[in-house]
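One structure is given below, encoded as structure tokens.
Treat the numbers as computed from the prediction; the structure is a model and nothing was measured. If you read the sequence from its start, that first residue is 1, and numbering goes on from there.
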Amino acid sequence: MTVFYFIFLLFFCYAEPQGFVPPGFSNSLSNFLNIPPTLFTTISPKCSQDFGLFLKSLIASANILETCNTGCQERLEDDKFALKQLDAFGKIPSGITQWTTISDGNYQACDEADGEKYSTNYCYLVLIPRNSTCPNMSNLSQKMTDTSNILYRLAVCIPEACSSIDVATIFNAISPLPFTACQTFCVKKHHDTSVWSWLFLIFMTVMVTVTTFGTVLDYYFVDADDKDIRFRIFCCFSLYSNFKTILSTETVDGRLKSVDFLKFWSVVWVVVGHSPVNFLMGDTAKRLVESRKELLTHFMLDAYYSVDTFFVISGTLLGYGMWKNSNCFQLTRSRTFWIKLLARRYIRLMPPMMVFIGVFVFSARFIRGPTIISLFDNMDKQAEKCADTWWLNLFMIQNFWRPSENCYGISWYVAADFQCFVLAPLIVIPWMKSQKQGMKFSIIIIIISILATFYTFIHHDLPPFNYVLKGMEEYLTYAHQSSFLRIPNFIFGIVLGKVLATYSTPASLAYNNSGKFWMLCFASIFLCFYGKLQAVANIGQPEMMPMISAAHHIFHRTLWTFAIIWVIYACQFDLSRCFTSFIKHRLWQPFGRLTYCIYFIYWWMLYVVLNQSDRSLHFVSQGQMLLFCGVPFLKCRLEDWRNCTFYEQEYTLI
């Protein structure tokens, strides 16, 4: 308590009349800071020198405050930096009953003390109860809701010369608190500039140059109807032409009318659904955990339904494109056709993904505010993993690894989608031969997928969804990211695409009962959310049994899939114009074209927005979450207009 009393005195260090400091306070402080001499031989020499100066100045300040009557401010001038530095330390936080696990300090005070005697660094110490084992720091965001994992973070302002190990060593040597320091995350961190960083910087410089040259060439010197082959490649990178293409709302015959709407709002849902991952590592997780019992929370956080929507759309577009082609039967029997299809898919997905991963890794060293490091320096850890696991993304197999081991974890969807396309010949070719054979093969694959789902849930003891108190990362690894467990959505999409391409008019049953089908659609969507709400276990209660979890998982995702199938089918045949006219409006076309860009940019943009704050995250309500997501999403839109030339459109044009 002596130290906290001394911190209280910081408020009065500028006051002339003394009497706040009791006699003998400086002696008690000296005794409290009686550091073992061996500590200074354990830490680095520069850290030992600067930290020793900090302690010496603290004791000197205590002596001055205890004895002086007038002119205290002048006498404190030489040691005032130590008071500012101590003032930046975290204090005992309020709200312990709300699972408050972060003791925030004052970043501005630490920054103000920087350079007065030495450089300072604002850090968060990760503390665990004494005699406990330090956890793996790679997947902490998946464990913060597990009440058996007690991790505290204490803000400190220490000399920059002290490394992460030095800070933990100092705390463990002198702190009377019943905690052990495991690791330290600091705002200032030295990064070695590798040759790959320089090569990426050169690559981006070349890309910007080519884009600028192509834009000027396209706008001023090349006519739209007379593009010479020598300039065509440069014009593919033209912002002018790409903007016109992306912003175009011209109606094209034969297009699926509802896809742009579904793609855009699905990616919006993904942005909203992923935001709580950061708040789980905020100062308190109790309010967020308790909000799982609210229906509004499920409307926001059940974003994995949007991923099911994407798989249905991918299958629908593939099936629709296949059966719209008059030579589809001959093409699908050719190996060359499938090789070209997969190669084209790979070329469309891979370059934008790898380029933006490069942007994420390169920028991570510059996005290092107090909020970012309070999240266990999660962005820098992801960037470091990319140095070891980038090849997983290159071969489209990153979804087979845990999210905490992946390079840019949200890229798992790209791999899963590509793997579904690899399996597409097993689905499409039988349907091309005969409807009976196609149905037979599809049913077999779906049954195998369902059995695999039950086996996966039982073998790994998985919960029914991802926002649970225990087993979050296991669910994401073995169920959420698995392409084979999602193949039924892809198959249903292919069959839907075949139906839409084959028939020019809706079935009489659908046409005569469209209103009833819309009511069933909305009822199914509501049931998907309400079913998840009812499955949420209270704090301290066990989750569902694995077999029940698997059945719950299959039922609700199948229900959602059929709801999306009806939306696409009804919009294509204009069943109930009050809904379809809005869903298929041309306004959604530009937004739908940029879905892939938004999906990759938003995760990085969330960190950019978080970096503007100077303290840890604090969850209040879902309304706050919407505002938190809205700002980065609007910025994503602006980034997409500016960066679409780099990430998507030019590869199509080339």
Quiz item: When Phe311 is tested against each of Phe421, Phe492, Tyr413 for ring-ring contact (aromatic ring centres under 6.0 Å, His included), which residue passes?
Solution: Tyr413
Quiz item: Does any donor atom in the side chain of Tyr530 or Gln534 lie under 3.5 Å from an acceptor atom in the other side chain?
Solution: yes
Self-check item: Donor-acceptor pair, side chain of Tyr599 and main chain of Ile410, under 3.5 angstrom
Solution: yes
Quiz prompt | Pair Trp560 + Trp566: ring centers closer than 6.0 Å | solution = no
Quiz prompt | Distance (rounded to the nearest 0.5 Å) between Trp196 CH2 and Phe362 CZ | solution = 15.0 Å
Quiz item: Under 3.5 Å, is there a donor-acceptor pair between the Glu473 and Ser404 side chains?
Solution: yes
Quiz item: What residue among Leu318, Ile494, Ile487, Asn489 forms side chain to side chain contact (heavy atoms under 4.5 Å, CB included) with Cys420?
Solution: Ile487
Self-check item: NZ/NE/NH1/NH2 to OD/OE distance under 4.0 Å, Arg586 and Asp260
Solution: no
Exercise. Enter the distance from Tyr320:OH to Thr502:OG1 here, rounded to the nearest 0.5 Å.
Key: 10.0 Å
Quiz item: With a 4.0 Å cut-off, would you call Lys532 and Asp302 a salt bridge?
Solution: no
Quiz item: Quick check, are the ring centers of Phe360 and Phe356 under 6.0 angstrom apart?
Solution: no
Exercise. Look at the rings of Phe529 and Phe299 and say which category their plane angle falls in: under 30° parallel, 30 to 60° tilted, over 60° perpendicular.
Key: tilted
Quiz prompt | Gap separating the CG atom of Leu256 from the CZ atom of Phe261, nearest 0.5 angstrom | solution = 15.0 Å
Quiz item: How many angstroms lie between CG in Asn399 and CZ in Phe418, if you round to the nearest 0.5 Å?
Solution: 12.0 Å
Side-chain donor-acceptor pairs of residues 437-455 under 3.5 Å, sequence neighbours excluded:
from	atom 1	to	atom 2	distance (Å)
Ser442	OG	Trp431	NE1	2.8
Ser442	OG	Gly438	O	2.9
Ser449	OG	Phe484	O	2.9
Thr453	OG1	Ser449	O	2.8

Exercise. For residues 240-272, pull every pair meeting disulfide (SG to SG under 2.5 Å), keeping only residues two or more places apart or in separate chains.
Key: none
Quiz prompt | Polar side chain donor-acceptor pair, Tyr475 to Gln481, under 3.5 angstrom | solution = no
Self-check item: Ser363 and Trp604 side chains, donor-acceptor separation under 3.5 Å
Solution: yes
Quiz prompt | Geometric class of the Phe395/Trp391 ring pair [parallel <30°, tilted 30-60°, perpendicular >60°] | solution = perpendicular
Exercise. First locate atom CZ of Arg593, then atom NZ of Lys263, and finally report the distance between them rounded to the nearest 0.5 Å.
Key: 9.0 Å
Quiz item: For Ser514, what residues pass the side chain to side chain donor-acceptor pair (under 3.5 Å) criterion, not counting sequence neighbours?
Solution: none
